[in-house]
Trainee: 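Can you read through this structure? Questions will come right after.
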Amino acid sequence: MMRNILFVFILLIVSKSFAQLDSIQKLKVVNLSSAKLQKHSKGFKVLALSDSIILKNTESFTTLLRFNTPIYIKEYGAGGTSTASFRGTSASNTAVIWNGININSINNGQTGFNALTVNLFDNIDVRSGGGSIEFGSGAIGGTIHLNDQLRFGNHIDNQLVASGGSYDTYNNLYKFSFGSERIAAKFGASYNQSENDYDWLGTDGLKNENGAYNNLSFSLGFGYKLNKFSKLSVFSSKFNGSREFSGTLPNPSAAKEKYKDYNFRNLIAYNYRKNEFAHDVRFAYLTQEYRYFADKNVDFYNYGKSKTFLLKYDFSFQILDNSSIESITELESVFGSTDEIIEKNRKQFSQSIIYNLSFENIASINAKIRKDFNSDYNVPFVFALGAELTPLKNTFIRVNGSKNYRVPTYNDLYWPALGNADLIPESSLQSEFGVGYKTKQVKLDVGVYYINSKDKIVWTPGGDSERPGIWTPINVAEAVNKGIEFTAAVNKAIGKHLFNFNLNYSYTIAKDKSTNNYLTYVPKHLANGSVGYSYKRFSAFYQHLFTGEVYTTTDNLDNYTVPYYNVGNVGVNYNIIKTNNNQLGLGVKVNNVFNKEYQVLPSRPMPNRNFNININFKF
Amino acid sequence: MKISKFLLSIFLLSVLLVSCDDDDEPQLPKGDYENGILVSGEGSGAASGSITYVSDDFATVEHQIYKQVNAGKELGTYLQSLAFDANNSYVCVDQSNSITVVDRYTFEEKEIISEGLILPRYMTILNGVGYATNWGSASDATDDFVAVIDLDTYDVTSTISVGNGPERIVAKNGKLYVSHKGAWSTNNVVTVIDIASKSTTEIIVKDNPDELFFDNSGYLVVLSEGNTIYDGSWNVIGQTQGAISKINTSTNNIDQEIVFPEGSNPTLLVTGGMNMYYNLGSKIYKLGNSDSSLPSTEFINTEAGYLYGMEANDENLFILDASFSGQSTMDIYNLATKAKTISVAAPVSASKIYFN
């Protein structure tokens, strides 16, 4: 129904606006979500992934993040369940934000990073640390922002990216963008599939059986400038994916599991900006469903689904040239159910106030507070403070502090016979200090942080003394995470030879406060980087990832670890056509070029050396 | 509910488990595993299933013996049980659909049986033939079977179809006896299989029968744990009664049934010669083989955090205090003094004890 309404709505606007086409040649990128994020992230580290980076790792969101961000990813075999954590915090402490809307699952509080494709997004921002309080629950470790960009100004652009490679892997996408002075429209479609039956290195001929996947996604964006001051925009995206879950050593043929995901996200936004006032009203309707087949050969599945209605009103007032105040009011209603949990409705009202102050070339500061009123439990009052000082030319100092929370999930609360309705939200206090250097060619940033989390929700046998021997979640653990993060980006041109270099390194110490043991699955050292070179029509790159050893047991047994590993990918590209309007590139990429045997999770070997060829056609 | 379902749900939730155990790992030279105790751990998200060797004097403890002997190979999860014949040990690992055959004294691998098994649980051996219970597909309650395994070729040669959730299996006089705990749901039968004709007979017992053994007077003793009952909103509204049933195998009648009071649900039962030992929570109770009523007071209060396995010999009672996210503990109690004499480290998710 909602879909029909949207399409009718879009048609109406399209027909109306075509009548008003005019021909002012002005190309303007409007990416409100991203711009606002930058404005609200003073003192925080935000890493922007452009579409050219996104297109280097089209195989999955997981590989994109693994090779380009300081995020640690747990992946249950390539293409399987995949979760992300920042700075040693848990997977449910990473919030994924789609065009300004938190899309973590209501059922488990997480986003599966192989359960959505990001190839169609125009850019992705990765923000480390808490302080994204305007995006709600779960933003303790950090937030990942998936942004659609609307381009006004006359243009018609098409882009086709297709690749084919080892294990019958095909990744294809098509993007279309159209703009006039008052209209911006875009459409994208992506289809990916793979048999994913790679050899398990170091075994006697075992393969990654039952690892096949395919997914299809569409995205649609439409913007219309009603007048000089106001604009209406609509975004919609749909994803259908099917994945098999591969098995473990010693017998991968035992694996029979299959998982299907269906996501449908819709957003309509209206902005009005005149003089010192700006209004932004958003209404979102999101649905998510998963189906879990314990045996893919039997037509029986467990499912979970949710639908979310969200109304967000953002009002900002420019007090003086250098200061503004903003109010964000949000009303959310979520309906969630699984085959074993009858539908529950959670309602939440929240109010945030954000104050920005800046002194040109000296400092900028933002302060935020938020209070939620939730139908299920008390949510703590949270805040964030961030400041960026620029004492010398090209250098900056950033500091921030925040309090964050993560609400219990439906599974935590209502899982049949196991859930615990008395849970309270997890909360954390954190701070960070960093210094950096920034010119057009060089960006350097080094920061230290400290996170203290309490009331962490942990599933424990015998967690409830009334129910001995029953696994149940309780608010128990307190953890301290501290570490250092270093980021470098260098671009250098020598004549027509262009070089670029990127590096992310993080050192993380995350400990359970009661035992003083390291948290499981937190590598002390994590580094990734890339070098790129281009000369006229030719370009080449190399990506590298180092992940340190992790403990898998809470008592840090030395004989239960996942060893460290190094893995590298290399690619070359040649543009057969390169004009202002057209570009046709042909590329070859070799993943795991050194054919290293490695595991991300125990007993689950990762892919051996594999190849793909790709074309990138812009017209 | 079954622990495997809990583990499955935990996997789906991808939550971290936290517990705290002391970390002590004595490193001792590899040797003969002939005189000692084998403790098996199911494994979990934190670790593959594994086997720990403990010498008879408890002085030597060696973890992950299969991995150490066989060039770092893992057994897989979830390691349910071991079966033995004169030379071999057969390691049943359900999620891996495998039974790994090793030399029982050196633990060198001989074969991994991975064809024809679907969630293998327990195995017994009679006249050079192995019989392994299998739950079948996780999505089908009607395809459960006993796999017949030729122990010369290590091939599954045929199957015998049985009711839902076959668990323990014992053999006597040309017959197999299988308890049906009900896999992911519930069941209340013991199946008698005539090996020659492959005909089956079901004996109805109390809900969720698990442990199964012959006592010293030849009775087939079965522990039924009882089943938890939920209302539509999954609130626990009660439990069916558990029982210790004694089956006369010449008539297939239950000659004696000691029923537990409502709300008392044992999960473990072992035989120790003239006595049996069962648990309620972390307390152990002692029952004479000829007793007709339950003891009123406990024999030993173990204070185990999660009592997950138990075994007895003439002298000692061995209990497993399991951790699913780290090392478990095996506590050894002297049967005469009831005192805890020693604790040794046990594998992750430790569940079974065998005397080798």
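Chain naming here is simple, since letters A, B, ... match the order of the sequence lines and numbering starts at 1 in each.
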Trainee: When you measure from the side chain of A/Asp295 to the backbone N and O of B/Ser137, does any donor-acceptor pair fall under 3.5 Å?
Mentor: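 Absent.
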
Trainee: Would the number of heavy atoms belonging to other residues, nucleotides or ligands and lying under 6.0 Å from CD of A/Glu343 be above 12?
Mentor: yes

Trainee: Please classify the contact between B/Thr100 and chain A as side chain, backbone, both or neither, with a heavy-atom cut-off of under 4.5 Å.
Mentor: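 Looking at B/Thr100, nothing touches chain A.
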
Trainee: Would you name the heavy atoms of B/Ser50 and A/Tyr560 that are closest together and state the gap between them?
Mentor: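 Closest pair (atom of B/Ser50, atom of A/Tyr560, distance): OG-OH, 3.3 Å.
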
Trainee: Could you have a look at A/Val562, A/Leu249, A/Thr552 and say which one has the most heavy-atom pairs with chain B under 4.5 angstrom?
Mentor: A/Thr552

Trainee: Crowded around A/Tyr564 OH? As in, over 12 foreign heavy atoms under 6.0 Å?
Mentor: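 No, the 6.0 Å shell around OH holds no more than 12 heavy atoms from other groups.
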
Trainee: On a heavy-atom basis, which atom in A/Ser603 and which in B/Glu74 lie closest, and how many Å separate them?
Mentor: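 Distance-wise, the nearest heavy atoms are OG-CG, 4.3 Å.
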
Trainee: Where do B/His63 and A/Asn559 come nearest, in terms of heavy atoms and distance?
Mentor: CB-ND2, 4.2 Å

Trainee: Nearest 0.5 angstrom please: B/Leu119 CG to A/Lys256 NZ, how far?
Mentor: 9.5 Å

Trainee: Any chance NZ of A/Lys454 has more than 12 other-residue heavy atoms, nucleotides or ligands included, within less than 6.0 Å?
Mentor: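 No, not enclosed.
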
Trainee: Identify, with sequence neighbours excluded, every residue that meets side-chain contact (heavy atoms from CB on, under 4.5 Å) alongside B/Glu111.
Mentor: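 Partners of B/Glu111 by the side-chain contact (heavy atoms from CB on, under 4.5 Å) criterion, ordered by chain and then number, come out as B/Val101, B/Ile113, B/Tyr154.
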
Trainee: Between B/Leu307 and chain A, which part of the residue has a heavy atom less than 4.5 Å away: side chain, backbone, both or neither?
Mentor: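 The answer is neither part of B/Leu307.
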
Trainee: Just checking A/Glu549: does its CD atom have more than 12 heavy atoms from other residues, nucleotides or ligands closer to it than 6.0 angstrom?
Mentor: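 For A/Glu549, atom CD is crowded (more than 12 foreign heavy atoms under 6.0 Å).
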
Trainee: What part of A/Phe300 gets within 4.5 angstrom of chain B, counting heavy atoms only: side chain, backbone, both, or neither?
Mentor: both

Trainee: Without swapping roles, check the side chain of A/Thr554 against the backbone of B/Ser325 for a donor-acceptor pair under 3.5 Å.
Mentor: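 Such a contact is found between A/Thr554 side chain and B/Ser325 backbone.
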
Trainee: Do the side chain of A/Asn251 and the main chain of B/Ser96 share a donor and acceptor less than 3.5 angstrom apart?
Mentor: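 Present.
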
Trainee: Return the set of residues passing ring-ring contact (aromatic ring centres under 6.0 Å, His included) with B/Tyr90 (not counting sequence neighbours), or none when no residue passes.
Mentor: none

Trainee: Working to the nearest 0.5 angstrom, can you tell me the gap between A/Glu257 CD and B/Gln95 CD?
Mentor: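 One gets 7.0 Å once the value is rounded to the nearest 0.5 Å.
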
Trainee: Counting only heavy atoms not in A/Lys207, do more than 12 fall under 6.0 Å of its NZ?
Mentor: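 Yes, NZ of A/Lys207 has more than 12 neighbouring heavy atoms, counting only those of other groups under 6.0 Å.
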
Trainee: Check this for me: A/Asp299, atom CG, are more than 12 non-hydrogen atoms of other residues, nucleotides or ligands nearer than 6.0 Å?
Mentor: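 Not buried by this count: 12 neighbours or fewer within 6.0 Å.
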
